[in-house]
Amino acid sequence: MTIFYHTKKALLSAAGFLLVLLLTGCAGGNANVQSAMEMIQALDYQGALTQLEEAQARQENQRLIDRGRGIAYMGLTDYTQAISCFQSALAGSNGLVEPIDFDLNYYLAAAYTKNGQYQEAKNTYDAILALRPQEGDACFLRGSVLLNLGDFEGAKADFDKAVSLAPQNYDRLIEIFKTLEHFGYEEEGRTYLQNALDTGGSSMGQYDTGRIYYYLGEYQQAYMALEEAKQAGGAESYLYLGKAYEATGDYNYASSVYNSYISQDPTNAEMYNQLGLCEMAKGEYQNALAAFQAGLQIEGNEFVQALSFNEIVAYEYLGEYQQAAVLLEKYLQTYPDDAAAMREQQFLSTR
């Protein structure tokens with residue numbers, strides 16, 4: 001059985017961001033599009049498509065309609081249809097390059113990547129960078145696509161540029177490390193992290209120092225930095241401190257770290273998810289289930305997918321296979337392309 005140790009950061013989580021800008025002052029003229037985007041945020045993709053049909057009938061902004069359809073089809077894992085919608089939205093340009101054109105190209109590239117069309121994704125990032133050569137996101141994402149195409153040197157050049165554009169963007173550095181590690185280039189990824197430590201100096205805070213040590217596997221160094229960082233009360237410092245203790249097998253202390261934060265702030269869904277995973281590692285499956293379910297009660301959180309999947313796994317470990325199967329069927333309706341969940345479904349079919 002598989003457990004999500006890290007939640008998936010879905011591209012769709014920011015689906016409505018540009019839309020807010022585009023609809024400012026004219027929400028009434030695109031009310032159905034706006035309603036559809038809210039449905040997408042709630043993961044109701046079919047409902048969003050129905051709402052966009054109404055937007056079409058009412059002759060609302062066609063580019064926004066096509067954009068919304070593309071995002072909804074991505075949510076439904078119909079990437080071919082999503083690509084077609086984004087292309088239609090791009091074709092609706094008046095010839096002037098506008099912010100929405102970059103937004104659409106990012107979505108188009110993401111759909112190509114999801115569809116395994118890596119060369120097309122690269123070409124799309126090429127187009128973005130031709131007009132915005134200092135776009136760090138495009139550099140990083142094109143580098144990731146180049147790894148899929150087997151071009152390590154090209155990927156490294158893009159990663160190097162992304163780092164040079166924002167050397168203190170430690171989130172980006174960690175993403176580069178994770179991406180390289182995924183493709184079998186862990187040592188090359190570690191070089192980026194070590195360089196950050198070597199050059200960060202006093203400008204690098206204890207939180208960033210601690211989490212970089214965590215990814216380097218230097219857990220004692222991570223403890224010291226994160227113990228100091230958590231005095232500021234930030235959730236992320238507690239999370240990484242707990243993970244560092246988990247990495248060395250000290251699950252009891254790790255769970256105490258998570259519970260300590262939850263006692264101060266019971267609204268952090270990620271903390272509940274990590275606490276549940278820690279309890280799972282301890283074999284305390286009922287405690288794990290309670291943590292996952294507590295996290296799911298927090299409205300509007302970004303960890304619903306991870307919490308939902310982990311809840312199913314907890315039920316499996318408790319031997320409650322029928323309840324796990326019911327929840328898994330519902331889960332796959334919302335996340336139909338989750339390979340781990342499909343494996344769980346095969347496992348449950350044998351119980």
Side-chain angles (χ1 to χ4, degrees), residues 3-7 9 136 140 159 162-181 186-282 284 287-288 291-292 294-295 298 301-303 306-307 310:
I3 299 174
F4 284 172
Y5 280 87
H6 301 280
T7 186
K9 299 289 186 182
F140 167 68
F159 293 155
V163 172
S164 71
L165 290 169
Q168 295 183 351
N169 184 341
Y170 301 117
D171 290 333
R172 173 67 47 72
L173 277 167
I174 288 168
E175 286 301 313
I176 289 172
F177 166 75
K178 289 180 179 179
T179 302
L180 287 167
E181 181 183 44
E186 181 179 358
E187 284 306 310
E188 289 81 354
R190 290 171 62 87
T191 299
Y192 284 96
L193 299 182
Q194 190 61 55
N195 285 343
L197 285 175
D198 294 341
T199 61
S202 60
S203 64
M204 182 183 290
Q206 291 301 305
Y207 165 63
D208 290 317
T209 299
R211 60 180 178 151
I212 287 177
Y213 274 127
Y214 167 77
Y215 284 109
L216 286 170
E218 298 180 27
Y219 300 120
Q220 288 188 340
Q221 297 275 29
Y223 300 155
M224 291 188 290
L226 293 165
E227 282 285 3
E228 185 175 338
K230 81 179 178 69
Q231 300 306 315
E236 291 296 322
S237 297
Y238 280 81
L239 281 165
Y240 274 100
L241 179 60
K243 289 177 184 179
Y245 279 107
E246 285 188 66
T248 59
D250 194 344
Y251 298 108
N252 288 325
Y253 191 83
S255 64
S256 73
V257 171
Y258 303 136
N259 278 310
S260 174
Y261 185 84
I262 288 170
S263 69
Q264 304 170 46
D265 176 12
T267 65
N268 189 297
E270 185 177 12
M271 200 70 68
Y272 280 110
N273 187 55
Q274 199 62 39
L275 173 61
L277 292 169
C278 186
E279 294 294 336
M280 292 280 281
K282 291 162 60 180
E284 299 288 348
N287 290 345
F292 297 138
I298 300 169
N301 78 78
E302 298 178 0
F303 290 81
L307 287 160
N310 290 335

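For this chain, numbers begin at 1 and follow the sequence in order. Heavy-atom basis, side chains included; hydrogens, waters and symmetry copies ignored.
Tyr215 approaches Tyr240 most closely through the heavy-atom pair OH-OH, 3.0 Å. The heavy-atom pair separating Gln168 from Ser203 by the smallest distance is NE2-OG, 3.3 Å. Across all their heavy atoms, Leu216 and Gln194 have their closest contact at CD1-OE1, 3.7 Å. Taking both residues in full, the closest heavy atoms of Ala244 and Ala222 are given as CB-CB, 4.4 Å, listed atom of the first, atom of the second, then distance. In plain terms, the two heavy atoms of Leu193 and Leu173 that are nearest each other are CD2-O, 4.1 Å. Across all their heavy atoms, Cys278 and Ala254 have their closest contact at SG-CB, 3.9 Å.
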Stepwise side-chain contact (heavy atoms from CB on, under 4.5 Å) test for Asn268 and Ile262 = CA-CA 7 Å; Asn268 189 297; Ile262 288 170; over 6 Å; no
Please lay out, stage by stage, how Tyr238 and Leu226 fare under the test side-chain contact (heavy atoms from CB on, under 4.5 Å).
-> CA-CA 7 Å; Tyr238 280 81; Leu226 293 165; over 6 Å; no
Test Met224 against Glu228 for side-chain contact (heavy atoms from CB on, under 4.5 Å), laying out the working first.
-> CA-CA 7 Å; Met224 291 188 290; Glu228 185 175 338; over 6 Å; no
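Proximity of Glu175 to Asn169: side-chain heavy atoms (C-beta onward) are nowhere separated by under 4.5 Å. Contact check for Glu302 versus Glu270: no side-chain heavy atoms found under the 4.5 Å cut-off. With a 4.5 Å cut-off on side-chain heavy atoms, Met271 and Phe303 do not count as touching. Considering only heavy atoms from C-beta on, Tyr192 comes within 4.5 Å of Phe159 through its side chain. Here the side chains of Leu197 and Tyr213 are in contact, with some heavy-atom distance below 4.5 Å.
Between the side chain of Gln264 and the backbone N or O of Ser260 there is at least one donor-acceptor pair closer than 3.5 Å. Distance alone, capped at 3.5 Å, places no donor-acceptor pair between the Asp208 side chain and the Met204 backbone. Between the side chain of Ser255 and the main chain of Tyr251, a donor-acceptor pair closer than 3.5 Å is present. Listed for the Asn301 side chain is a donor-acceptor partner under 3.5 Å among the backbone atoms of Ile298.
Checked by atom type, the side-chain pair Asp250/Thr248 shows no donor-acceptor distance below 3.5 Å. If you check the side chains of Glu246 and Tyr258, you find a donor sitting under 3.5 Å from an acceptor. Side-chain contact, Tyr261 with Asp265: a donor N or O sits under 3.5 Å from an acceptor N or O.
For the atom pair CD1 of Ile212 and CD1 of Ile174, the computed distance is 5.5 Å after rounding to the nearest 0.5 Å. Distance CG/Leu277 to OH/Tyr272: 15.0 Å, rounded to 0.5 Å. Considering CG of Leu241 and OH of Tyr219, their distance stands at 13.5 Å, rounded to 0.5 Å. Note that the OH atom of Tyr214 and the NZ atom of Lys243 stand 5.5 Å from one another [nearest 0.5 Å]. Put simply, CD on Glu236 and OH on Tyr207 are 4.0 Å apart, with the number rounded to the nearest 0.5 Å. Taken to the nearest 0.5 Å, the CG atom of Leu275 stands 5.0 Å off from the CG atom of Asn259.
Ring planes of Tyr245 and Tyr223: parallel class, angle under 30° (limits at 30 and 60°).
A salt bridge does not link Glu181 to Lys178: none of the charged side-chain nitrogens sits closer than 4.0 Å to a carboxylate oxygen.
Considering only residues two or more places apart in sequence or on other chains, Glu227 meets the salt bridge (Lys or Arg N to Asp or Glu O under 4.0 Å) condition with Lys230.
At most 12 heavy atoms of other shown residues, nucleotides or ligands fall within 6.0 angstrom of atom CD in Gln220.
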